[in-house]
Structures are given as C-alpha cells and as structure tokens.
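A short write-up of the structure that comes next.
Note that the coordinates shown come from a computational prediction; the quantities given were computed from them, not determined experimentally. All residue numbers in this chain count up from 1 along the given sequence. These numbers come from the heavy atoms of this one structure, side chains and all, not from hydrogens, waters or symmetry mates.
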Amino acid sequence: MHKHKLGIFSIIQFFMFLFCFCAGAWAGNSARVLVIPFNINAAKDLSFMQRGVMAMLTTRLTQTGKVDVISLDESTRAGKAAAESMNIDRAISAGKRHKADYVIFGSITVLGDHIDTNAIMVDISQEKPVLAFNRFGQSQSDLFDHITLLATQINEEVFGHKTLTKQEPPQGEAKVGIDTQTNKIKPPEPAGATEPSPTIPVPMAESGLASWASKNFKVRIIGVAVGDLDGDGWNETVFASESKVHIYRHSGEQFAKLGEITNSAQERIIGIDVADINNNGRAEVFVTNFPKKSGRLQSFVLEWDGSGFRKIVDRLNWYFRVMDVPERGHVLLGQRWAGPKAIFSGGVYGMKWSNGQYEPREELKLPRGVNIYSFIFGDALNVGQQNLVLFTSLDYVRVLNSNGEEEWISGEKYGTSTIYLEFPSEDTTFGDTKVMDRIYLTQRIFVADLNKNGKSEIILVKNLGSTRLFTRARSFSGGYVEGLEWDGKEFKSVWKSKEFTSGYINDYTIADFNNDGRADELVLAVVGKTSSFLGGRKSYIYTQRLDQ
C-alpha cells in the first residue's frame, strides 16, 4: 500500500514539474496545435492527470518554427465544458475560433489501477481526423507511456518529424465492463489470455496493401457489421455465428471482447447489420433470425442501454438489410417472409422507427424476382446517375442504367455464400421424413471508390471452387473480393483483395474498423478449412486497406 501511494505521489510531482516548466508558444509560420483538456473519468479527483497531459503534449510537440502548441486552461469554465462535451464537430469549431491548424482532444478512464487513454487529432483545414489513438494500461503510471507514444505518433505520422525512440506499452487480452461515468461501453481492462486469443497484425500484404487478421474463433462466422454501438465516436465490430452475436472493438493491435448474446438452440441467425435507425446516437444491431422448425422469421434488434445489450424489438417477421443509399446515408430495408412457398413475400421496403417499432414505409421499385439480399443502388457507371446493380438467380451480375435497361451482365458468377434458408421439400422424402430444401443467399454488393482513384467500383465477393455435397450442401476452396470499374464498354477488374486459399468469405463490409479516422477498410468474415468434413469450425476477421 505504501509503495502504491509513493508511486502516485511521484507521478504527481513529475507532472507538476512538467507543467511548471513547459515550453512556450512560438510565433511565425509554424503549425498551430490546440490541445483541449482531456476528460477524466474516475471515481476520485485526478485533475493532476489533466494538467500533466497538457504539459507533456506541450513539451513533446512544440518545435521552434515548426509546431506551436496552444491550450485551453482546464481550470476555466470554458476548458471544463470543452473537456466534457468535445467531439469532432466541436473540435473543428474550436480550432477555427482559436485559429488553429490542428486540434487534439481525448479522454482518460481510470478504474482501480487500470487506465485507458483515448485521443483524436483533427485537421481543421480538411475538417476530419488525421490520427486516432487508444491504449490500455495495467497501472496509472502507464499514462506516461501513453502520452509519450501519442506525441511520438503525432510527430512522426502527422508532422513527419522523426523521434529518437518509440516505446509502446505491452498489450494484453482484455475483458469488458461499463464506464460508470458515461454509461458507454468501457474499453477492456488487461487480464490473462482467454479464448478467443488476442489478435495479431498480419505482416503479409497483397500488392503492398496494409492488412490485419484476428486469431481464430471456434465458430463459423456467417455475418459481420461495424458501427458505433454506444455513441462514443468509436466503432465496434459485430459478427454472428449461427447461435451467437459477438461484439468486439479493435483498438491499437487489440481486438477486445465487449459482449456476447446467445440465441436459442432452435433458431439460426442468417444475417446481421448495424445502423442508428432510431436516431438516438447509438447504432442498433439488426439480427435476421430463422427458427429451424417455425414457419416464419423471428428477427430481433439489439441496442446498448447504458448497462448492457437488450432486445428493443423481438419476433419480427422481416428480413433486414442495411444499405448505404446515396444522399440518404444508412437506410434500413425490410422484406417479409410468408412460408416455404413465398420465401421473399411482397416488395422490399424502406423501414422507419415509429411508435416503438420498425415499420415499412415506401416500397422500392425493383425488377420482378429481386430480393432484399440481391441488389444495391450506386453510380456504378460513373456518370452521376444511380444504377441498379443486382444478382441474377444464377449468381451473375447485372447493371441497369437509369432508364432500367440492361447495360452489362457479367460472364462470371459472384456473391456465392454458404448462408441458406431451409424448409421441408414438397416432393422429396426419405422414408417418412421430408428432405429439407435449401435456398442459398447472395452476399452484399457495394458501389464505392475504395481505391481512391476518383471512380466508383462495383465491389463483389468471388468464392472459388464451388462444390455441392449430397446435392444440397455447398463448399468452397478459396475466395477474394474484387473491384470492377466501368471503362465505357464493360466492367474490368481494377483491384483484388488478398486471395484466401485455405478458407472462403462468408460476409464482408466496408468501414473504419480500426478507428484510425483515416480510411475505411474491407472487413471480411473468413471461414477456414477444416482437416475433415466433420472437423472443428474456425473463422477469423480479416481487414485490408486499398488506398495506399
């Protein structure tokens, strides 16, 4: 106990020493950096940390004639208000008021001896983040290493100034809790290694592109989505196996478990999506759920309520899909199930939150036979008009122009998956038992400029070596994601993701997975091969950037 108090006292003395002797600002053409007082979330008054962080960033960032650091006084009413309510938009406004080129703000969460440091640096001229930082520590003294590393990353990655050393505190496996000060999902606290094991950076890259992978999960991942579930500005990753919803967050090189919701053994999850449709600042998790014996869907929606994830609606007879629609952002689509003879009943509707429910509003105008999983709208032809891109019943890709006329159809199949709907066959039996028929669902289509060349691509999964076992089960030998770009006559491949030869892709999305605030990544749910047909299941999350 005495040793612990002595350590904290030493830290206070050190921070106060820095605060009293910090470097002054310099005039001239140097970059002006505004440092907002970091918000401190702790059970007791730790304002010395706030002062120490301000002083450390000032001394470590100030460079005569190059970088000029200015800071709000954390003891003033304006400083306290900024610390407690700062976000990216407010940082941009503060930067403009103080004629700053960059703004740094963040938070420090202390629970017992554990400490979590978060920071964002915003470029005012570009009005967007240029650096996002997050580190976990096993003692409060780790804050010194965190701020040193933050300053090092800013100097090297933002200003291009090399430093002599770059020390990074060790990262461990983590468990989740709740930040009682904010009711946000509390970042993980270091602990012993558990299953699944911590993630590792992947050194290999396809064509020099940055990539990363988690270690294996002992499940078959069927869907993945990314969004801000607790409204704190940091994205969480949600993936689903057939019986569970798994919630994680990537930060630093850590993929930390935040929660897990177990589904009934008599039900099977077939899809998962994330978006803030009820506009409360927290993204909902939409789970399309298919009971094994029931004649209808029983989908449900999860939301973080400040203390955990709960179902806000349940037993809905709707397939869900979240789509990024131009000029509207994330839109929730729904389509009804009406039994084996009407797998996709009626049209596809835009869904709205109303009266405590998700209700259908406008029906989308789609060709006959197109279901909720088989299309996307986007400027695929790069002419400033929205095109309909869709899968045919045989998994070929069609592109319709703004007049609804076919502009192109692929010569290869895309979008195949192992996700299926299953129901008793009308005409095939085995003894007295009806054989189960399967309808396989297609994967997502995106239209986006992922390689940042100024032109949109159609982005598609290409799983390889499709085989059918016992005429109904489907298997693949490998796969990759491909970007197709219109050259005026047809679509040509302009990039490919890493090709997987020991697994296939079951779902993917495009999002800022690693919370760096820079560019979106491809986020893939990869199902690995097993040594035998009855071998154990394994899957992992793989991400790749294509803008480098």
Between K492 and E485, does any NZ, NE, NH1 or NH2 come within less than 4.0 Å of an OD or OE carboxylate oxygen? no
Check this for me: does any side-chain nitrogen of one of K462 and D395 sit under 4.0 Å from a carboxylate oxygen of the other? no
The single option from L522, V481, L546 that satisfies side chain to side chain contact (heavy atoms under 4.5 Å, CB included) with I510 is L522
Side-chain contact, heavy-atom cut-off 4.5 Å: [X] with [Y]?
{"X": "V389", "Y": "F375", "result": "no"}
{"X": "L229", "Y": "V238", "result": "yes"}
{"X": "V331", "Y": "V322", "result": "no"}
{"X": "Q386", "Y": "V325", "result": "no"}
{"X": "T442", "Y": "S417", "result": "no"}
{"X": "I261", "Y": "N263", "result": "no"}
{"X": "D507", "Y": "R444", "result": "yes"}
{"X": "L302", "Y": "F286", "result": "no"}

Could you tell me which residues satisfy salt bridge (Lys or Arg N to Asp or Glu O under 4.0 Å) with [X], sequence neighbours excluded, listed by chain and number?
{"X": "E405", "value": "none"}
{"X": "R398", "value": "E406"}
{"X": "K413", "value": "none"}
{"X": "R282", "value": "E303"}

Check [X] against [Y] and note the closest heavy-atom contact, atom names and distance.
{"X": "L390", "Y": "V370", "value": "CD2-CG2, 4.1 Å"}
{"X": "E407", "Y": "N401", "value": "OE1-ND2, 3.3 Å"}
{"X": "W318", "Y": "L297", "value": "C-CD1, 3.4 Å"}
{"X": "G347", "Y": "Q335", "value": "O-CG, 3.4 Å"}
{"X": "D516", "Y": "R545", "value": "OD2-NH1, 3.6 Å"}
{"X": "F377", "Y": "K365", "value": "CZ-O, 4.5 Å"}

Quiz question: by atom type and distance under 3.5 Å, do the side chains of [X] and [Y] form a donor-acceptor pair?
{"X": "E482", "Y": "Y414", "result": "yes"}
{"X": "H246", "Y": "S241", "result": "yes"}
{"X": "Q544", "Y": "S497", "result": "no"}

Under the salt bridge (Lys or Arg N to Asp or Glu O under 4.0 Å) definition, can you give me all pairs with a residue in residues 258-267, not counting sequence neighbours? K244-E260, K257-E260
Strictly by salt bridge (Lys or Arg N to Asp or Glu O under 4.0 Å), give each pair with a member in residues 446-461 just once, sequence neighbours left out. none
Report yes or no: does [X] contribute a side-chain atom to a donor-acceptor pair with the main-chain N or O of [Y] at less than 3.5 Å?
{"X": "Q385", "Y": "S402", "answer": "no"}
{"X": "D379", "Y": "G384", "answer": "yes"}
{"X": "D276", "Y": "N280", "answer": "yes"}
{"X": "R135", "Y": "N118", "answer": "no"}
{"X": "S539", "Y": "V527", "answer": "no"}
{"X": "N289", "Y": "Q298", "answer": "yes"}

[X]: what forms a side chain to side chain contact (heavy atoms under 4.5 Å, CB included) with it, not counting sequence neighbours?
{"X": "N235", "result": "V226, D228, D512, N515"}
{"X": "S354", "result": "E359, R361"}
{"X": "T543", "result": "W212, F513, E521, V523, I541"}
{"X": "A448", "result": "I459"}

Using 0.5 Å steps for rounding, measure from the [atom1] atom of [X] to the [atom2] atom of [Y].
{"X": "I222", "Y": "L441", "atom1": "CD1", "atom2": "CG", "value": "9.5 Å"}
{"X": "E490", "Y": "W408", "atom1": "CD", "atom2": "CH2", "value": "8.0 Å"}
{"X": "I409", "Y": "F491", "atom1": "CD1", "atom2": "CZ", "value": "12.5 Å"}
{"X": "L400", "Y": "L388", "atom1": "CG", "atom2": "CG", "value": "5.0 Å"}
{"X": "I419", "Y": "F290", "atom1": "CD1", "atom2": "CZ", "value": "13.0 Å"}
{"X": "S214", "Y": "F239", "atom1": "OG", "atom2": "CZ", "value": "7.0 Å"}

Applying side chain to side chain contact (heavy atoms under 4.5 Å, CB included), run through T418 and N506 and close with a yes or a no. CA-CA 7 Å; T418 61; N506 236 6; 2.9 Å; yes
Output, in order, the C-alpha distance, side-chain angles, deciding distance and verdict of side chain to side chain contact (heavy atoms under 4.5 Å, CB included) for L332 and Y349. CA-CA 8 Å; L332 177 65; Y349 292 85; over 6 Å; no
Applying the ring-ring contact (aromatic ring centres under 6.0 Å, His included) criterion to Y440, which one of F391, F476, Y420 satisfies it? Y420
Going by side chain to side chain donor-acceptor pair (under 3.5 Å), name the residues that satisfy it together with Y358, two or more places apart in sequence or in a different chain. E284
What verdict does the side chain to side chain contact (heavy atoms under 4.5 Å, CB included) test give for Y540 and K215, after you've listed the backbone C-alpha separation in whole Å, the side-chain angles of each residue and the deciding distance to 0.1 Å? CA-CA 6 Å; Y540 59 94; K215 288 191 175 180; over 6 Å; no
Aromatic ring proximity F320/Y373, centre distance under 6.0 Å: no
Ring-ring centroid check Y542 F500, cutoff 6.0 Å: yes
Ring pair (Phe, Tyr, Trp, His ring centres under 6.0 Å) involving W234 - partner list, sequence neighbours excluded: none
What's the verdict on side chain to side chain contact (heavy atoms under 4.5 Å, CB included) for M323 and V348, showing C-alpha distance, side-chain angles and the deciding distance? CA-CA 12 Å; M323 186 177 294; V348 178; over 6 Å; no
Hey, does the Lys NZ or Arg CZ of R321 hover above the aromatic six-ring of Y319, less than 6.0 Å from the centre and inside 45° of the axis? no
Tell me whether R474 forms a cation-pi arrangement with Y504, defined as NZ or CZ under 6.0 Å from the six-membered ring centre and within 45 degrees of its axis. no
